[in-house]
Amino acid sequence: MQITFPDQTKKEFDKNTTGYDIALSIAEGLARNAVAVSINGTLADISRPVTEDAEIRIITLKDAEGLEIYRHSSAHIMALAVKRLYPDVLLGFGPAIEDGFYYDFDNVELKQADLEKIEAEMKKIMNEKIVFERHVISLKEAKKLFKDDPYKMQQIAKLGESEQLSCYKLGDLIDLCRGPHVPHSGFLKAFKLLRIAGAYWLGDSNNKMLSRVYATSFPSKKELDDYLEMRRQAEERDHNKVGRELDLFMTDKNVGQGLPLLTPKGSTIKIILQRFIEDEEIRRGYLYTITPLLAKSDLYKISGHWEHYRDGMFILEGDNAEDLYALRPMTCPFQYSLYNRTKHSYRDMPVRYAETSTLFRNESSGEMHGLIRVRQFTLADGHIICRPDQLEEEFNSVLDLINYVATTLGLKNLTYRFSKWDPNDKKKYIDNPEAWESSQKILKAILDKSGLEYYEADGEAAFYGPKLDIQFKNVWGKEDTIITVQIDFASAERFKMRYTDADGTEKTPMIIHRSSIGCYERTIATLIEQYAGKFPFWLSPEQIRLLTINEELGSYAETVALKIRNAGLRVAVDKRGETLGKKVLDAQHEYIPVIVTIGNKEKEEGTVSVRTLDGKVVQGMQLDEFIKKCEELNKTRNLETVF
RNA sequence: GCCAGAAUAGCUCAGGGGUAGAGCAACGCUCUCGUAAAGCGUGGGUCUCGGGUUCAAUUCCCGAUUCUGGCUCCA
């Protein structure tokens, strides 16, 4: 038979030569490092005989697929270790994931302390060099083999149509698995079990919760150590740690879960961001509103929140038990009510409402996370009510605003998600399949035309329409939505919103729900991680710190500070009787972007000595010139502080 | 809500059945200093809260609360 290699060279082999022997014919080292073989684009074990002419690629750990196979095999090795230690264990799924792998176990109670035991057993298994044996079995045989395993039986039932199944035997562990796998357990070189978490079977909260062990493995100890060090450094940027250390926010158990308090410093950042957005939106034709933070249930019944979002709302009793109110989880129905206060001409469309809107959502107790998932937050919210023919242009104008905001903030690594509905989830979504299909088609067309790179996700839409979500990955590798733009096909009709068209008839407008900077809490969390706590000059709560050389210069420093403060800059004076080095150290630890030193020389000359966070010092700068430069940094919102 | 961890001084953490300790911070005194930590001293704790076991609990057990990672949900 003829084998074609990736470089298009061809070579003759006997029929049924294994991938391993083909690799061996190229180089001994290649055969030794081969974890699998790609036969006409399909991955198979390296020991698999090749039966006919084929294009062959030998997969090693240097290939992305190779690493994935390696980690999947690592998961099996972990499962074998667990099986040896806990013979009654039942196995769920055990896939390779982005940075490692996991396995879901049932019928066993795993604690953090058990991970060490499992790791030790895995090391034993590594040394035993147990071969991964692949067996192809019929559906009937599979049902017999796994009759005592409810999870495997469910999988088998799902795979029902395919006549042949493969399973892998690793020592005493037989697992239903498509493979491929590395040849034997001795291939595993470096691994670490990371943590235990609960995970619902098939991701459904109605199902039983299994014990999931997260772990990772690498081809070498060095790569594993590098990865763990990289994780450690990423976690050093954790907004929840840095934000508290820098005194930007705190929580208090008497206030409650998911209710962070912004300190004066954190509040300053929020206020600066808010001014930036409000000014920018007003410039772009938004009309600002201020609407109530709570309303009668009547309003939410019209909007659909009562039906689709009630679990997420804080509900309050009014004058009597039947008279229910709710804190608002969204701003939309309030702005729709405002829209309806007058008649609207087609000439006056679109109407763009914006509001700095405090919202309340009754998240489940386990969901809260620093400033990222909270029960009360402030959204830079807005609704564009427009004619259908204006939808695309308005959507694009929102994208332009978001892009401007992201660029100004220096937000990197954003991804775009086109979030669609799940037609099978009748409870979560407004039941109007045609409207869903058509609005999703419209949104997709807009996105395609805009040239934005996006991916699609089912079941992520809002209850009233599809959306574009702008996603950010936090230091834990978890994605969160920071900004969202949504098309709403339902609300205008529900609220009987109208405009008078050119022909005198009453038409129903389209609505775009949008944010510009997202909600302040989450965005600040994102920024803390993006900047690793080092906020740019224009956003820093304390922009300038004046340090005095000795205590006698205190009152002069105060007059300098006053002059700087009068220019609209945020400044503090460190008059402590500490050494200059100590004061510099403290200011650097607090990430104050500009440190100004004042000594007798500066006092006589009317100058300042300016130090930036990078350690650079500019001496003898005239005070007026310094203030001018700072004002410039504020105005341009420069991400770099250079003098 | 569920699974796994954690909670000791303002902060970071040590300790351990016989009512607590360090460093930093705070405060006081000395020093008056030129760009990443001057010296000495002082005060500061219901060991998260509520039960239980015990002669004795901060320590062991149970429950609650909050914080952390994950699942489900979500901006």
Side-chain angles (χ1 to χ4, degrees), chain A residues 102 104 109-115 194-214 235 238 240-241 244-245 247 250-259 309 311-312 329-330 357 359 361-374 377-381 419 428 459-460 462 467 469-472 476-484 486 513 515 518-523 525-526 547-553 576-589 595-602 609-612 615-617 619:
Chain A
Y102 67 77
D104 287 343
E109 264 182 48
L110 292 176
K111 298 262 176 262
Q112 192 74 33
D114 298 323
L115 294 184
L194 300 171
R195 56 185 161 267
I196 298 173
Y200 296 107
W201 169 242
L202 301 178
D204 184 339
S205 57
N206 296 314
N207 290 340
K208 189 172 180 193
M209 180 163 274
L210 311 179
S211 293
R212 174 172 297 178
V213 178
Y214 280 98
E235 283 158 28
D238 184 357
N240 218 338
K241 181 177 150 72
R244 289 173 203 266
E245 279 169 1
D247 194 30
M250 61 166 279
T251 46
D252 184 309
K253 66 178 184 228
N254 293 322
V255 175
Q257 238 193 334
L259 298 168
Y309 208 83
D311 287 349
M330 297 181 195
S357 180
L359 303 175
R361 296 186 185 175
N362 193 2
E363 305 287 351
S364 316
S365 61
E367 318 283 8
M368 261 64 76
H369 170 54
L371 289 180
I372 286 182
R373 261 315 260 296
V374 292
F377 56 96
T378 307
L379 183 67
D381 207 354
S419 300
K428 189 170 159 190
E460 296 286 352
K467 51 183 188 155
D469 291 320
I470 293 152
Q471 305 289 105
F472 180 82
W476 299 98
K478 192 169 165 172
E479 245 188 35
D480 285 300
T481 302
I482 60 167
I483 303 169
T484 177
Q486 313 169 347
H513 301 237
S515 185
C519 74
Y520 290 95
E521 292 79 1
R522 185 174 288 187
T523 298
T526 303
L547 311 184
T548 49
I549 293 297
N550 59 51
E551 288 179 79
E552 276 150 28
L553 287 158
R576 290 176 304 164
E578 295 286 350
T579 58
L580 185 63
K582 172 65 172 157
K583 294 197 224 185
V584 168
L585 176 70
D586 288 345
Q588 299 264 87
H589 279 164
I595 298 169
V596 165
T597 306
I598 293 176
N600 294 316
K601 204 173 91 194
E602 283 79 6
S609 164
V610 182
R611 179 183 167 122
T612 39
K616 289 197 180 111
V617 180
Q619 301 207 3

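Just the heavy atoms: all of them, side chains too, but no hydrogens, waters or symmetry mates, feed the values below. In the text below, chain A, chain B and the rest are named by the order of the sequence lines, each starting its count at 1.
Atom pair A:Gln471:CD and B:A75:C1' shows a separation of 10 Å (rounding to whole Å applied).
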Pairs under 3.5 angstrom, nitrogen or oxygen only, protein versus nucleotides 7-11 of chain B, please.
none

For nucleotides 22-25 of chain B, list the nitrogen or oxygen atoms of the protein found under 3.5 Å from its nitrogen or oxygen atoms, one pair per line.
from  : atom 1 : to       : atom 2 : distance (Å)
B:A25 : OP1    : A:Lys582 : NZ     : 2.9

Under 3.5 Å, which protein N or O atoms sit close to an N or O of nucleotides 39-47 of chain B? Give each pair with its distance.
none

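Nucleic acid contact for A:Leu379: none, since no nucleic acid atom lies under 4.0 Å from a heavy atom of the residue. Nucleic acid contact for A:Lys111: sugar-phosphate only, since backbone atoms but no base atoms lie under 4.0 Å from a heavy atom of the residue. Residue contacts for A:Asn362: at a heavy-atom cut-off of 4.0 Å it reaches no nucleic acid atom on any strand shown. Residue A:Gln112 is classed as a sugar-phosphate contact, given heavy-atom separations below 4.0 Å to backbone atoms only. A:Leu110 comes within 4.0 angstrom of sugar-phosphate atoms only, judged by non-hydrogen atoms across all strands, and of no base.
Heavy-atom minimum distance, A:Leu359 versus A:Pro329: CD1-O, 3.5 Å.
Looking only at distances, no side-chain donor or acceptor of A:Asp586 sits under 3.5 Å from a matching main-chain atom of A:Lys583.
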How does each nucleotide of nucleotides 60-74 of chain B score, in 5' to 3' order, for protein heavy atoms under 4.0 Å: base (B), sugar-phosphate only (S), or none (-)?
------SSSBBBBBB
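In this structure, A:Lys208 NZ and A:Tyr200 OH are separated by 13.0 Å, a value rounded to the nearest 0.5 Å.
The nucleotide whose nearest atom lies closest to any side-chain atom of A:Leu585 is, among B:U35, B:C31, B:A37, B:A37.
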Kindly list each side-chain donor-acceptor pair under 3.5 angstrom involving residues 595-602 of chain A, sequence neighbours excluded, with atom names and distances?
from     : atom 1 : to       : atom 2 : distance (Å)
A:Glu602 : OE1    : A:Gly599 : N      : 3.0

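Between B:G63 and B:G28, the two C1' atoms lie 46 Å apart (nearest whole Å).
Shown here are the ring-ring contact (aromatic ring centres under 6.0 Å, His included) partners of A:Tyr214, two or more places apart in sequence or in another chain: A:Tyr102.
Using the Watson-Crick or G-U wobble rule with both distances under 3.5 Å, B:C47 pairs with nothing in any strand shown.
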